[in-house]
Amino acid sequence: MDRLRIAVAGGSIGGLTAGVLLHELGHDVNVYERSTAALQARGAGIVVLPMTEKYFTARGSGLRTHGADGGEVALTLTDWSYVDAAGNLTSETPTYNRFSSWNTVYRALLDALPSERYHLSAEVVGFTQTAEKVEVHFAGGENHVCDLLVGADGIASTVRSVLEPQTGPIYAGYVAWRGTVMESELTTETQAMFEDAMVYQVLDHSHILVYAIPGPGDTIIPGERALNFVWYRNAPEPGFHDLMTDSDGVHRGATMPPGAVQQKYLDEMRDDATAHLAPQLREVVLACDEPFIQAIYDMMMERFVYNRVCVIGDAACSLRPHVAAGTAKACADAWALRDHLAQTTDDLEAALAEWGEQQLAVARHAAAKTQAMGEASQHLGTMVPDDPTWRFGLFEPGN
């Protein structure tokens with residue numbers, strides 16, 4: 001295909017993956033990020049599925065720190081374990097899941113894209129398109145003409161709102177309390193439990209998991225790593241609105257950042273941790289000074305492609321986190337887009353249409369699974385420890 005002018009709205013992991021892949025395919029790519037500085041994700045951990053690190057494995061480097069002598073920045077934990085309320089290990093299954101931090105993966109991708117093609121303070125506020133081009137409109141009044149616009153601007157996507165104003169996030173009735181602590185701040189006994197295992201505890205209409213991620217400087221040496229916890233807690237309306245209103249009275253739609261949670265909700269969460277969590281998990285949660293809250297939503301576009309505009313990642317479909325595939329799906333969308341453009345010679349619309357049908361099917365399959373898992377855990381109360389179907393993966397367990 002002739003060299004295309006491609007604009008990517010959104011410079012998170014999905015947008016960066018699309019930008020890097022399409023740039024390396026030979027297209028004229030620019031990634032536009034509305035933030036004024038390089039992104040940060042509050043130290044949140046992520047599961048590194050094969051698709052998440054495919055860019056690095058495909059070029060033979062693996063997910064490593066920048067430079068030829070860079071070290072490994074994702075770690076593999078052998079076991080998927082469950083504990084009871086007393087902290088006794090009830091099961092452990094070798095699954096060899098890989099983990100890293102969002103910031104680590106983001107920085108590795110940012111290093112792979114030429115700096116002049118990543119634009120900060122560039123908020124996309126709309127676009128118009130014809131049969132031949134797309135004109136992208138920015139908050140500062142500028143316009144940019146391109147052949148293809150890729151919407152990778154997250155769950156609050158402006159690109160999606162223009163294409164499908166009727167499609168928006170639907171609250172699932174619960175949130176994830178999240179946070180990280182340094183292993184070195186914990187007792188030796190607690191550190192030992194998480195040294196080579198991700199650990200779950202199933203609660204009454206709730207569950208929590210804890211796993212290690214790289215520590216400062218992307219170190220993965222035990223004792224120098226961080227521990228990441230994710231605790232799913234029901235928050236029905238109308239209380240949910242107040243929960244997502246910060247200590248200054250500002251309502252936060254999707255994420256309540258560290259340091260902004262109202263004290264009464266911090267106290268309530270910590271009281272529940274003291275009363276219900278296994279001692280080792282309790283220690284991790286109580287050691288976190290400033291946890292943050294991620295609201296859980298469902299959202300699925302009717303179509304992912306409208307002429308010369310396509311939408312990827314959370315902007316197109318928001319998955320509940322239970323298969324840990326949100327980042328992997330965004331990367332999979334980017335890889336599939338790259339492959340469809342590489343395989344066609346001159347018919348952009350046909351390539352996009354085929355891509356859209358394929359990725360919509362992937363998203364629907366994953367969304368159905370994650371919704372069923374969330375309902376079982378949070379609303380039906382039917383989640384059981386060591387359920388072999390409760391595994392990470394976008395396409396299938398482990399993949």
Side-chain angles (χ1 to χ4, degrees), residues 4-23 27-42 44 102-103 105-107 109-110 112-130 133-169 244 246 248 250-257 260 292 294-295 297 299 301 304-318 326-327 330-331 333-334 337:
L4 298 173
R5 298 166 298 174
I6 300 175
V8 180
S12 187
I13 289 177
L16 269 174
T17 300
V20 169
L21 293 175
L22 297 175
H23 167 70
H27 297 296
D28 178 10
V29 181
N30 286 282
V31 178
Y32 299 100
E33 169 54 45
R34 66 181 178 181
S35 299
T36 57
L39 301 177
Q40 297 286 328
R42 307 174 183 93
W102 187 98
N103 293 336
V105 178
Y106 166 79
R107 288 196 303 268
L109 286 165
L110 191 61
L113 184 71
S115 59
E116 68 272 15
R117 296 193 172 274
Y118 191 81
H119 308 275
L120 294 168
S121 301
E123 181 181 1
V124 174
V125 295
F127 60 89
T128 53
Q129 64 173 318
T130 67
K133 65 180 181 180
V134 183
E135 186 171 7
V136 184
H137 313 307
F138 294 90
E142 305 89 352
N143 297 308
H144 173 78
V145 175
C146 59
D147 302 302
L148 170 63
L149 170 62
V150 180
D153 47 345
I155 193 169
S157 170
T158 296
V159 175
R160 183 190 68 244
S161 70
V162 173
L163 297 172
E164 291 187 9
Q166 76 281 9
T167 302
M244 298 304 290
D246 69 21
D248 292 325
V250 177
H251 182 69
R252 310 281 186 153
T255 303
M256 177 66 65
F292 66 97
Q294 173 190 355
Y297 291 98
M299 192 278 298
M301 290 186 69
F304 289 178
V305 175
Y306 286 80
N307 301 321
R308 288 175 173 257
V309 180
C310 67
V311 189
I312 70 173
D314 284 347
C317 165
S318 177
T327 302
C331 295
D333 288 342
L337 181 60

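None of these values were measured; they are calculated from a predicted model.
What you find for G11 and Y106 is that their closest heavy atoms are O-CE1, 3.3 Å. The two residues G313 and D333 come nearest to each other via the heavy atoms N-OD2, 2.9 Å. Taking all atoms of both residues into account, the shortest heavy-atom contact from P114 to H23 is CG-NE2, 3.5 Å. Across all their heavy atoms, I312 and A330 have their closest contact at CD1-O, 4.4 Å. G10 approaches V31 most closely through the heavy-atom pair O-CG1, 3.7 Å. Scanning all heavy atoms of the two residues, the minimum distance from A315 to G151 falls at CB-O, 3.9 Å.
For R34, there are no salt bridge (Lys or Arg N to Asp or Glu O under 4.0 Å) partners two or more places apart in sequence or in a different chain. S35 pairs by the side chain to side chain contact (heavy atoms under 4.5 Å, CB included) definition with E33, L39, not counting sequence neighbours. Legend: residues meeting ring pair (Phe, Tyr, Trp, His ring centres under 6.0 Å) with H137, ordered by chain and number and at least two apart, are absent. The ring pair (Phe, Tyr, Trp, His ring centres under 6.0 Å) test applied to H144 returns Y32, not counting sequence neighbours.
In this structure, the side chain of D246 engages the main chain of D248 through a donor-acceptor pair within 3.5 Å. In this structure, R117 contributes its side chain and V29 its backbone to a donor-acceptor pair below 3.5 Å. Using a distance-only test at 3.5 Å, with no hydrogens or angles considered, no donor-acceptor pair links the side chain of E135 to the main chain of N143.
Distance OG1/T327 to CD1/I13: 5.0 Å, rounded to 0.5 Å. In this structure, CD on Q294 lies 9.0 Å from CE on M244, to the nearest 0.5 angstrom. In this structure, Y118 OH and L16 CG are separated by 5.0 Å, a value rounded to the nearest 0.5 Å. Going from atom OG1 of T158 over to atom CG of L163 covers 11.0 Å, rounded to the nearest 0.5 Å. Atom CG of residue L21 and atom OG1 of residue T17 lie 6.5 Å apart, to the nearest 0.5 angstrom. Taken to the nearest 0.5 Å, the OH atom of Y306 stands 10.0 Å off from the CZ atom of F127.
Sequence neighbours left out, not one pair with a member in residues 150-168 passes salt bridge (Lys or Arg N to Asp or Glu O under 4.0 Å). Listed by first and then second residue, the side-chain hydrogen bond (donor to acceptor under 3.5 Å, both in side chains) pairs involving residues 5-16 are R5-D147 (not counting sequence neighbours).
Residues M301 and C317 form no side-chain contact, since every pair of their non-hydrogen atoms from C-beta on lies 4.5 Å or further apart. Between R308 and L149 the shortest side-chain heavy-atom distance does not fall below 4.5 Å. The side-chain heavy atoms of V134 and L148, taken from C-beta on, include no pair separated by under 4.5 Å. At a threshold of 4.5 Å between non-hydrogen side-chain atoms, the residues F138 and V125 do not count as touching. Here the side chains of V150 and V8 are in contact, with some heavy-atom distance below 4.5 Å. A 4.5 Å side-chain heavy-atom check between I6 and D28 finds every atom pair outside the cut-off.
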